[in-house]
Amino acid sequence: MIAGPRARGDLAELDTYHSPQLDVAVRLNTNESPVPPPDTWRTELAAEMAEMDWHRYPDRAASSLRDAIAGHHGVSVDQVLAANGSNEVIQALCLAYAGRGRAVAVFEPTYALHRHIAKITGSEVATGERATDFSLDLREVRRVIESSRPALVFLCSPNNPTGLVDEPDDVAALLDTAAASGSLVVADEAYGQFAAWSATTLLDEETPLVVTRTFSKTWAMAAARLGYVLGPTRVIEQLEAVVLPYHLDTVTQIAGRLALGHVEEMESRVAAIVEERGRLQAALADLPVDQWPSGANFVLFRPRSRDGRDVWQALVDRSVLVRDCSSWPRLGGCLRVTIGTRQDDDRFLETLAEALA
Ligand SMILES: *Cc1c(COP(=O)(O)O)cnc(C)c1O
């Protein structure tokens with residue numbers, strides 16, 4: 001073999017973050033909505049696509065979509081940036097604020113892509129630990145931020161994969177510590193609509209905080225790849241400077257703007273999922289597993305006397321796919337199940353009972 005081009009050596013150390021896309025009957029592994037968006041949305045989208053100027057570049061500023069998002073949250077349009085999933089937002093944040101010679105802080109266990117995307121952009125990652133119950137440990141928060149002086153501090157609330165919603169007081173305290181060290185706090189609220197409070201209430205032009213949201217979960221639009229960030233105008237301007245020109249295609253812009261005309265349907269989907277979550281948690285309580293409280297559309301649990309990985313495989317063998325978290329920091333033996341339809345959840349519960357028998 002000839003010596004070909006060599007990719008960056010530091011990339012070789014990255015874990016590959018992928019939930020396997022297996023062909024199974026019951027898919028409860030990626031926290032998607034169990035039901036599609038409303039039919040009226042689909043009809044409206046088809047109508048607008050029929051009139052679309054395919055030969056023209058998209059609106060580079062995504063003005064109509066950003067207007068709609070700004071209206072939804074009661075912020076101004078220059079406090080919003082939309083992108084290809086909140087993952088692209090996270091990448092833009094790392095490109096603009098972190099990168100080579102700079103650090104980002106994460107508190108484990110948490111969403112693996114914060115660390116992963118930070119490393120792809122060449123950033124150092126300073127790792128802190130959450131408390132035993134997975135809440136924020138403020139002494140640890142101060143230790144990590146004061147010792148690493150990170151450019152970005154990532155939070156995830158409700159946290160994936162634990163389901164825990166950070167306390168407002170803890171987030172406010174973290175924000176003070178971060179502000180004192182010149183860090184920008186990123187609150188990832190992919191599951192924000194499931195929680196009782198949101199860090200969007202802390203946003204203003206003077207506070208070093210941005211909040212990311214996505215259409216992939218509560219909006220039932222994972223196929224579209226659309227997310228956004230709310231934050232101070234000067235931060236949004238920095239993000240605009242690093243995204244690729246015309247990064248957000250016209251179809252996605254239309255799809256998101258139209259979705260925001262269906263807030264009530266989204267909210268009723270969220271309410272139905274929360275109710276179903278209660279039913280699933282009650283059923284799990286009758287099985288030999290430990291589970292954690294959840295403020296999201298998934299539940300983290302750990303089989304008591306069986307290896308998590310074996311249980312995961314036994315479920316797959318019976319055509320039920322959940323997320324295997326057993327190799328993640330501090331989550332040995334843990335699995336995460338997305339709240340699905342009643343039917344899918346029943347199938348999961350029966351199959352789990354069999355696998356644990
Ligand atoms: C699912 C998820 C996202 C969504 O990412 P997209 O790129 O918008 O699909 C972001 N953050 C967390 C914590 C998630 O679980």
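Remember, predicted model here, so these are calculated numbers, not experimental data. Both ligands and their constituent atoms are indexed starting at 1 by order of listing.
With rounding to the nearest 0.5 angstrom, the CZ atom of R309 is 11.5 Å from the SG atom of C325.
With sequence neighbours excluded, no residue forms a side-chain contact (heavy atoms from CB on, under 4.5 Å) with S327.
When ring centroids are compared, W292 and F134 come within the 6.0 Å threshold. Annotation: F107 is not in aromatic contact with H114 [ring centroid separation under 6.0 Å not met].
With E129 as the partner, the salt bridge (Lys or Arg N to Asp or Glu O under 4.0 Å) test is satisfied by one option alone out of R139, R330, R143: R330.
Taking the six-membered ring for Trp and thresholds of 30 and 60 degrees, F194 and Y191 have ring planes inclined between 30 and 60 degrees apart.
The residues lining ligand 1, counting any heavy atom closer than 4.0 Å, are G85, S86, N87, Y111, C156, N160, D188, A190, Y191, T214, S216, K217, R225.
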